[in-house]
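Within every chain, numbering begins at 1; the chains are lettered A, B, ... in the order of the sequence lines, protein sequences first and strands thereafter.
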Amino acid sequence: MLETAFLRNHPEEARKRLGKRNIDVEGLLGKAATLDEHRRGTQQKLDTELAAMNEQARVIGELMKTGKREEAEAAKAKTAELKERIARLKEDLALAEKALDEHLWAIPNTPQERVPNGKTPEDNVTVMQQGELPQLPANAKPHWELGAEYGLFSLEDGVKLTGAGFPVYHGQGAKLQRALIAFFLERAADAGYVEVMPPLMVNADSAFATGQLPDKEGQMYHAAADDLYLIPTAEVPITNLFRDTIVDAAQLPLKRVGHTPCFRREAGSYGKDVRGLNRVHQFDKVEIVRIEAPENSNTALEDMTNHVKGLLDALELPYRQLLLCGGDMGFTSAITYDMEVYAGAQKRWLEVSSISNFETYQSNRLKLRMRGADKKVQLAHTLNGSALALARIVAALLENNQGPEGIRIPAALRPYTGFSLIAKK
RNA sequence: GGAGAGGUGGCAGAGCGGUUGAAUGCGGCGGUCUUGAAAACCGCUUUGCCCGCAAGGGCAACGGGGGUUCGAAUCCCUCCCUCUCCGCCA
């Protein structure tokens, strides 16, 4: 969430930056200012009363010690009224804090200056595009047909086991998954990311700190008996590793990578966007996370983006980089690049990575701070990006590399798959 | 799942109703000494919020929450977690 100090001290900047989003900026900021003022006022009153009470207790303590029982009892009698006022103010403060926090949670992160204005995906800016779009014959098959034909994965099997949107991978299809994961992890390790294998379920505190709660509650699977959430991305457990910590600035950046399955309810989505592996409830993803000093976070964002481009180059997939507009950006992000690959048979772009700088929006909830050379403590910046999301990569690989003899595996992946072709049966 | 023990500052470890945000040791930072280093000695060493230009001041926090009391790290309730033993088990 946004920092009250920032809203208080830089209202113009907050207004300007939030203006890129499709929201009622004036209403949200006005209310935030009112609630903040009320909270501070209430705390001031409470603190004053508490100071008076502490003084009384000190005096009574002295009297008791020196054996002046009578005077002590008299002093005690006078504290009743104070006590009552304090109790009332405490309630007021709790309510004021709750109201302010809940309101703050409802305000999204402030987009950076360079984020384009806009409301829909049409307003996103294509930063660059790389690779030739494949010229496939007219009878080229979409990946779901290829998956069935070559026995690589089955959505039907998943329906039997679980429900719609839970693919089961078979044979070379399963091995291709494993190869991609290993390849991505290896490349991340080479780039200095330390591998993490986290739990796939997190508690509410974790889900809250990275911003999945309260606003995306319905998007996560929830194990009610234990009140745990299946992670929608490794971002959640990995970033939460640093919750409630103060890191030494000299140790930054902290670079982590993790592979996990990701679980998403995707409530309300249907239609042709969800055919095959385009949108499923469980998919594998390798995620990179960085904790950075504020002055370095934007450089880190570019570095992460270049890392992802390197992966896509190696996979020989045509891709493009989008700079998301204010209206299409995630709630918690200050700037986001989406990477999309072209799936030749579907003739459409599929999002395979989303790379974001959250600045202090997450770290404020995480209480993730850094101590600089000057000993001062301040919030660190968090970033993360997919590197990469599997199911859609597989979709594009299958479609683009289909040929008369089968499906060709890009050279970079062959050491991991152990085969260079998924041959026709 | 059952029984017992316990959760205090970066770590170890006191405190068990009255200037205790917290003894002591280690670690860390600064200084004296030294050609340099070590040792020794001296000082400093949590975080959040609020008021203030600042200096400074106030409030809160001893696993979380609630209660008793003029006053709680210290007493009571409750939840969570850790450890030991038993049971179960990939």
Side-chain angles (χ1 to χ4, degrees), chain A residues 1-10 32-105 197 199-209 213 223-229 237 240-252 254 261 360 362-380:
Chain A
M1 60 177 155
L2 296 176
E3 298 159 83
T4 50
F6 168 71
L7 296 178
R8 211 181 306 143
N9 300 327
H10 307 280
T34 306
L35 291 172
D36 181 38
E37 205 168 314
H38 179 237
R39 199 214 99 227
R40 274 157 45 222
T42 307
Q43 188 185 332
Q44 275 171 47
K45 283 185 220 159
L46 208 215
D47 283 356
T48 306
E49 302 287 13
L50 283 171
M53 184 61 117
N54 286 341
E55 181 53 29
Q56 276 308 299
R58 215 170 351 246
V59 168
I60 293 169
E62 274 311 306
L63 293 172
M64 296 291 277
K65 223 186 232 171
T66 50
K68 296 174 180 161
R69 299 294 303 262
E70 295 287 308
E71 288 179 52
E73 289 305 321
K76 274 192 201 179
K78 281 192 252 175
T79 61
E81 197 195 338
L82 243 187
K83 211 174 177 180
E84 203 173 299
R85 257 196 313 245
I86 286 172
R88 203 164 43 237
L89 281 167
K90 272 187 177 169
E91 273 174 47
D92 290 350
L93 183 61
L95 288 174
E97 282 175 341
K98 186 159 180 269
L100 176 60
D101 282 347
E102 281 175 357
H103 182 64
L104 251 22
W105 300 336
M197 208 187 256
L200 306 182
M201 302 183 98
V202 293
N203 57 32
D205 284 348
S206 295
F208 178 81
L213 290 179
D226 297 287
D227 194 22
L228 295 173
Y229 296 86
N240 269 282
L241 243 20
F242 304 101
R243 174 151 48 91
D244 289 318
T245 59
I246 300 177
V247 299
D248 192 336
Q251 294 175 327
L252 297 179
L254 295 170
T360 58
Q362 284 185 329
S363 57
N364 191 30
R365 287 201 198 184
L366 287 159
K367 295 197 179 65
L368 163 53
R369 293 97 97 211
M370 50 173 270
R371 193 191 311 276
D374 58 357
K375 301 289 176 203
K376 286 242 178 66
V377 172
Q378 63 172 316
L379 293 172

Query - Integer angstrom distance from the P of B/A40 to that of B/G58 - result: 38 Å

Requested in this report: Using a 4.0 Å heavy-atom cut-off across all strands, classify A/Arg40 as base, sugar-phosphate, or nothing.
Outcome: sugar-phosphate

**Report entry** Over all atoms of both residues, closest heavy-atom pair of A/Leu2 and A/Asn364
**Finding:** O-ND2, 3.4 Å

Query raised in the report: Using a cut-off of less than 4.0 Å, is there contact between a side-chain N or O of A/Gln56 and OP1 or OP2 of B/C70?
Result: no

**Report entry** Short side-chain N/O contact to B/U47 OP1/OP2 from A/Arg371, under 4.0 Å
**Finding:** yes

Query raised in the report: Rounding to the closest angstrom, what is the interatomic distance between B/C50 and B/A54 at atom P?
Result: 13 Å

Requested in this report: Report the distance from atom CE of A/Met64 to atom C1' of B/U69, rounded to the nearest whole Å.
Outcome: 11 Å

Requested in this report: Rounded to whole angstrom, note down the C1' distance from B/G21 over to B/A60.
Outcome: 11 Å

Requested in this report: Under 4.0 Å between any heavy atoms, over every strand shown, what does A/Arg69 touch: base, sugar-phosphate, or nothing? Just pick one.
Outcome: nothing

Requested in this report: Could you tell me whether the phosphate oxygens of B/C50, OP1 or OP2, come under 4.0 Å of any side-chain nitrogen or oxygen in A/Lys45?
Outcome: no

Query raised in the report: Between B/C59 and A/Asn54, is there an OP1 or OP2 to side-chain N/O distance shorter than 4.0 Å?
Result: yes

**Report entry** P spacing across the pair B/U20 / B/U35, given as an integer number of angstrom
**Finding:** 44 Å

Requested in this report: Provide the distance between the two C1' atoms, one in B/G48 and one in B/C53, to the nearest whole Å.
Outcome: 23 Å

